[in-house]
Each structure stands twice: as structure tokens, then as C-alpha cells.
Amino acid sequence: MNIGFAPFLPWPVLAALAVLTLAIAALAIYRRLRGGWIRALAGIALLAALANPVLMQEDRDQLSTIVPVVVDRSLSQQTPERTKMTDEALAMLKDRLAQFPRIEPRIVEFRDPAESESPSTRLFSALSSSIADVPPARIGGAIFLTDGQIHDIPGVNQQLGFDAPVHGLITGKPDEFDRRIEIVRAPRFGIVNDEQQLVFRVVDDGKSPGGTAAVTVKMNGDEIATLQATPGQDTPFSFKVPRAGNNVLEFAVAEVPGEVTGINNQTVQVIEGIRQNMRVLLVSGEPHAGERAWRNLLKSDASVDLVHFTILRPPDKQDGTPINELSLIAFPTRELFVDKINSFDLIIFDRYQDRQNVLPTIYYDYMAQYVENGGALLVAAGPEHAGGSSIALTPLASILPAEPTGQMIEKAFYPRLSDQGKKHPVTRGLDGSETEPPHWGRWFRSVDVERPQGQTVMVGADSSPLLVLNRVGQGRVAMLLSDEGWLWARGFEGGGPHVSLYRRIAHWLLKEPSLEEEALTANAAGRTLQVTRQTIGNDPGPATIKTPSGKTDTLPLKQTQPGLYQAEKHMGEIGLYQIASGNLSTLVHIGAIDAPEFKAMISTTETLKPLAQKTKGLVTRVAGANGSVTVPQVLPVRGAVRVADGQRLTIRMTDETVLQGINTLPLFAGFAGLAALLFAFSATWWREGR
């Protein structure tokens, strides 16, 4: 309660009247006039009435005390036992706080962001966001309902933004145990078929059962090793990268009965396979216009080591010149096709024919074995392939997909994609193939062949086979049944996509994963799973997804191009997914492999203890006897909390209030003010009348 003023006249006017009144009163008192003191009092009473003093009283309501309750719903809390424990403890805590009307709980449930690639438990960030609109003086304490695995706990010397106790109610049991596996060191890249090494470690959190742990190692879904690892010690592992592109190396440690979760019992390492420079042997049977197109293409690729021979002087063209006077290099047949044949990744026969004594018959058998054991052969055929010296009449015929009839097809035609070719990744989407006729130049001759094996992906005149691809044993063979691809290279009638076509053929022969006819690939973009299915057959149907937790789901695939089916889906779980379509399967890891959320899963009271001790809070487990859940009582305290209570959750009650209104009472208003003035002036008149 206090006194204010609501003057009827401006303060300067009242000040002037006060000076005048005091001067008159002082003069009357100085001259000892009768009634001088009474006149002074009457003047003061009049001035007080003009100043209009008002008695004011504020009407205030007590504000509630805000208590944020941060509930941990992160991935480490998603075990059935902890979820049940959290729900029961939260219900009991709400009942405890409801007993105090002046305490206003603010429930904040933290969940991992849907797009987070590296999930972590950031409860203090959630706390700061929840109380951003609350004055620090109104916060009576903060209560965390968690397993203790918090990844953004501030340091003891950092400011929280409020002065109140911090409490921790910890789920889980004190004797928990969990086994996990992690990659310590690993290469990001590896040369195909070269030995690589990484180091992994099996970690036991909590009381270890001792002994060794069985670790299963898989490469791209196929088991390659089983190891025994000692928990806590680094274990080296050597392996070879089997293919170019992404390779998923998976390590899984056997679960131990009673451990918290098996979700972190496996980890993966994605290794990019890099092929060393591709060694290509190009053998041109004779100089011709298309020879330079092949040579220029292969020489322009920095990843290709090219060995090129053109047979300029075959044995049937002898002119009697002594050998020591010839400037030509002798064709090193034994060195190429016997001693070093396995060092080549690809052999190309460009218009080559079997002339007498150039290659002994046994060498063709060596080449057939080379292909069957995993090698690659490309035959770019011309008129020689239809003649009596064709390599189709050698032991090499056992691996060739098409047998010539002995005739050439001599007519102009547009090379076209076959129905299989529109789906096959070697020819699918070639520039210019989408129109009819195709938007590229014509060719004028091709080799006529019997019905070929494998896939005919391009056709020539009268739908005759033009490009045939086939698998033989572990290797691959391609036949281009025309020698006029150089017309595209020279820009005849606008040219054509010879570079793309030749390069795709070569990389298919080298088993490039992206060019497989039947392939299933999966990639992750954040938490979005992207699945791609290639096929030269019919619709493969939906893909099957197996999540890290073991659940199975289906993913419909939509055709985006002929032979190409794709789909995307946002995934809620972090970890290793297995995707299957027909007899194909692949692996993909969603989210960061080393996410903090999975590095430690056992519950702990130690993380929050330093902060609780500093703020006079309490950290305790909610697990009671026989599987029950207990929550401490709440203790409201006025003023600063100076001593921690080891059994109760101390809450500092706020003194903050909110102003609802002000009640005013004018002191000189109404009859009371009028009576005071009449009394003063009547006294003056009475004194003058004596």
C-alpha cells in the first residue's frame, strides 16, 4: 500500500500557490497577527485538496512454479522394459506434482529427429527450448526421466539459465550388461582383388561375462569368415575387395543372453572398390577405317593401359625381304597369349582372321579357357568373319555366341535397339534411340549369323543380330557384327553415340555392377532409402525390406525406364537394412554407422550426478523391487535450495506474482475532504471573530 497524487492543477501552478501560501503564512506569523497559524494550516489543507492525494493498493496473484519434466524417448529407450518403466514413472511423477496446485509441470518428450543421420540424445537442448518463454525466477527445478545416456550434458561450470535443482530419474537396472562391436580403423577405398586390412573391437559395457566372442564377417551379404575376438582388444582382419563400386563389409558379434539389446551387435564398413588401370589387348587384323575409332577411345581413357597390335605383314604376304631388314615388330604371340594372357582384363579382336601360322590353334584354346575362367573377349567383326579364315572356325567358337552363315548383309540400315536392348543397361537410353528412325547415322553392312546365344541388344537390317552379349563360364563375350561403327565417329549423317556404346560394352565385359542385367542396388540419403532394380525380364514386383530390428516390409517398385524400377521410402530405424527382390539381395546402412545413440546402451546414474550435486538435486533409479517402479516424493522449498535431500525431489517455489489491478482511494474526496476544508476555514473565521 502506498500514496500517490492526482492533482487538479498542474504541478508548477501548485508549486507557485504553495510558495505564495507559505510566504503569507510566514509574514503573518512574523508580525504576530491573530490566527496566523490557523491561516497557514487552512492554506496547507487547500493545497493538499488541490494535490488530490490518493491511497493505492496493488491487487496481485501468485504465479505458479514451472517444473519442466524432460522424458527421454530416444532409440536407447525403445526396449520394451525401458518403455514400460518410463511410462509408469511418468504417470507416478504427474501424480506427485499434481498434489501441489502451485507447481505447473511442463512435460517435454524428446524423440530423435526424423531426418537425423546420426541420432543422439540431446535432452538439455530440448529443456532449453521448452523453457525459452519462462523467466528464470519461475523455474523451480528440472526433472529428467532417462536412461542416463545423454550426449549434450553441459559442463559443471556452464550456466543452465536458471538457479534450481536438476533431478534425474533413471530407467533400467543397475546390473545391466551389453555387448557391442565397433570399427576402429578401416580403409575407405580398396583396389579390387588386393588385400586390405581393418581393425575392429568387441566392447563389453557393464559386467563382462568374460571369454571370447564369436564374430561373423560378411562381404556383400556372403559370409567370408568367422573369428574369435577378445572383448576390449583390437582385432585385425584381412580381406580382399571383390568388385568395383560399393562393397559392404558386415561384422556381427553373437548375442549374449541377458544383454540390453542386440541392435548394436553388428556394424558395417562401406568400402569403395577401385579397379587398377584396365589392361586391354587390342589386336587389329589389318589396317582399316574403324581401327582408329577403337584406338582413340581406349587411349582417351586414363584408366586403360592399352597394348595394340596391327598385323601389317601376315605370313601369307611374304616378299622375300630378309628378316633383319624388316622394320616391323614381330607379333609376340607366345608372350601375349600364353605367358601374359591372364594379366589382361579385356582382349579385343578387331577384324581379326585366322591366317595360317599367325596364331597356333592351341592359342585359341588358351583364350577360350581364359574367358571361361573370368576373362573378357570382344569381337568387332567385319567381312573377314564370314570368310574361310574366320575365328569362328577355330576352337574359339566354343565361347562365341553367334556362328556366321558365311554371308554378309549388304544394305543400308539404322542400328536399332531390340526389345531386350531397350531394357539392357548397356544400350538402354542411348542418345538418339528414343525416336523412329533413331536419331543417328546409318551403317551399310553386317555379318549374317545363325540364331545367337545370350542377349541380342542391337539389331541391323531386317532385324538381324548386330550386338550380342553373352556369359561363358565365369567370363563374358561380346560380338559387334559390323565394322562400320567408325561412321558414327566420323559424324556421317550426324554420327552417333559410339563413345557411350563402346565404353558401356567394355565396362559390361569387366563386370561393372551398374551395368548388370539383373541388379539390385540400394542407397541412403539421410533416412531415405532409395532402391533401384534393373531387369531385362518382366516386372519384378515389390522389394522386401528387412529392418535392423528384424521386421519385414514390402516396397512397391515403379518403372521409370524400360527395365529400370525404382522407389524411395523414409525409414524410421537407424542401422543395417537387407533389401531383397527375387533371388537378388543387397545391404544398405541408414544413418551414421557410428551414431552416439548406439555406442553405449546400458543405463547409468553417473552422467547426471555432477550437475545434480552442484544444483542440490537428486539422481536415483526408478526400478524398485520385484519389477516395480518407484518415484520419490516432491518437497517444495521457499527461497534458495541450500541442502540436497537424498530422498525427495526438491522444488524451489517461486515468489513471482502478476499484477491484476490497483485499488485507489482519494483522501480528500467527498464529504471527508469537504469537512476538513470547512473545519480549517471555520477555525480561521472563529479566531478572527474573537
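Numbers here are sequence positions counted from 1.
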Would you give the length of the straight line joining atom [atom1] of [X] to atom [atom2] of [Y], rounded to the nearest 0.5 angstrom?
| X | Y | atom1 | atom2 | value |
| --- | --- | --- | --- | --- |
| N264 | L75 | CG | CG | 11.5 Å |
| K422 | L430 | NZ | CG | 12.5 Å |
| T427 | R416 | OG1 | CZ | 14.5 Å |
| R295 | L282 | CZ | CG | 8.0 Å |
| Q196 | Q269 | CD | CD | 11.5 Å |
| Q530 | I579 | CD | CD1 | 12.0 Å |

Would you call [X] and [Y] a side-chain contact if the rule is heavy atoms closer than 4.5 Å?
| X | Y | result |
| --- | --- | --- |
| T532 | L557 | no |
| L377 | V379 | yes |
| I505 | V426 | yes |
| F444 | E484 | yes |
| Y565 | T560 | no |
| V280 | I348 | yes |
| L587 | E250 | yes |
| I341 | M367 | yes |

Pairwise salt bridge (charged side-chain N to carboxylate O under 4.0 Å, His left out) hits with a residue in residues 548-559, at least two apart: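 Qualifying pairs: D553-K569.
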
Of all pairs that satisfy salt bridge (charged side-chain N to carboxylate O under 4.0 Å, His left out), the ones with a partner from residues 381-396, not counting sequence neighbours: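 Listed by first then second residue: R351-E384.
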
Qualifying side chain to side chain donor-acceptor pair (under 3.5 Å) pairs, either residue in residues 439-463, two or more places apart: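 Every pair satisfying side chain to side chain donor-acceptor pair (under 3.5 Å) with a residue in residues 439-463: T405-D448, K411-D462, R442-E493, R445-D483.
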
Which heavy atom of [X] sits nearest to which heavy atom of [Y], and what is that distance?
| X | Y | result |
| --- | --- | --- |
| I590 | A524 | CD1-CB, 3.6 Å |
| P187 | F239 | CG-CZ, 4.5 Å |
| F200 | V215 | CE1-CG2, 4.0 Å |
| G441 | W488 | O-NE1, 3.0 Å |
| P540 | T535 | CD-CG2, 4.2 Å |
| Q197 | S238 | NE2-OG, 3.5 Å |

More than 12 heavy atoms from other groups under 6.0 Å of NZ on K423: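 Atom NZ in K423 is crowded, with more than 12 foreign heavy atoms closer than 6.0 Å.
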
May I ask you to decide if [Y]'s main-chain N or O and [X]'s side chain share a donor-acceptor pair within less than 3.5 Å?
| X | Y | answer |
| --- | --- | --- |
| E518 | I536 | yes |
| D345 | R279 | yes |
| N247 | R243 | yes |
| R476 | L509 | no |
| S585 | A580 | no |
| S418 | G421 | yes |
| S398 | P395 | yes |

Ignoring hydrogens and geometry beyond distance, is a side-chain donor-acceptor pair present between [X] and [Y] at under 3.5 Å?
| X | Y | value |
| --- | --- | --- |
| H570 | R527 | no |
| Q369 | D365 | yes |
| T267 | E182 | no |
| Q534 | R428 | yes |

Contacts of F349 that satisfy ring pair (Phe, Tyr, Trp, His ring centres under 6.0 Å) - sequence neighbours left out: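 Result, ring pair (Phe, Tyr, Trp, His ring centres under 6.0 Å) vs F349: Y352.
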
Output field: ring centroids F344/Y370 closer than 6.0 Å: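 Ring-ring flag for F344/Y370: false, centres at least 6.0 Å apart.
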
Test: K340 and E335 ion pair at under 4.0 Å: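 Here K340 pairs with E335 in a salt bridge, since their nearest N and O are under 4.0 Å apart.
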
Test side chain to side chain contact (heavy atoms under 4.5 Å, CB included) applied to F337 and V283, step by step: CA-CA 11 Å; F337 295 101; V283 181; 4.2 Å; yes

Evaluation steps, side chain to side chain contact (heavy atoms under 4.5 Å, CB included), between M458 and L501: CA-CA 11 Å; M458 293 187 75; L501 178 61; 3.9 Å; yes

Stepwise side chain to side chain contact (heavy atoms under 4.5 Å, CB included) check, H308 with S284: CA-CA 8 Å; H308 183 198; S284 298; 3.0 Å; yes

Residue that, paired with R533, satisfies side chain to side chain contact (heavy atoms under 4.5 Å, CB included) out of L584, T586, T521: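 One option only clears the test, and that one is L584.
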
Candidate list T554, L555, V531, test side chain to side chain contact (heavy atoms under 4.5 Å, CB included), partner I545, passing option: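 Among T554, L555, V531, the one meeting side chain to side chain contact (heavy atoms under 4.5 Å, CB included) with I545 is L555.
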
All side chain to side chain contact (heavy atoms under 4.5 Å, CB included) counterparts of T552, not counting sequence neighbours: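 By the side chain to side chain contact (heavy atoms under 4.5 Å, CB included) rule, T552 matches T544.
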
Parallel, tilted or perpendicular: ring planes of F251 versus F237, cut at 30 and 60 degrees: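 Rings of F251 and F237: perpendicular, over 60°.
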
Stepwise side chain to side chain contact (heavy atoms under 4.5 Å, CB included) test for E223 and T216: CA-CA 7 Å; E223 184 173 330; T216 302; 3.7 Å; yes

Under 3.5 Å, which donor-acceptor pairs do the side chains of residues 464-475 form with other protein atoms, sequence neighbours left out?
{"residue": "S464", "atom": "OG", "partner": "A461", "partner atom": "O", "Å": "2.8"}
{"residue": "R471", "atom": "NH2", "partner": "E516", "partner atom": "OE1", "Å": "3.0"}
{"residue": "R471", "atom": "NH2", "partner": "E517", "partner atom": "OE1", "Å": "2.4"}

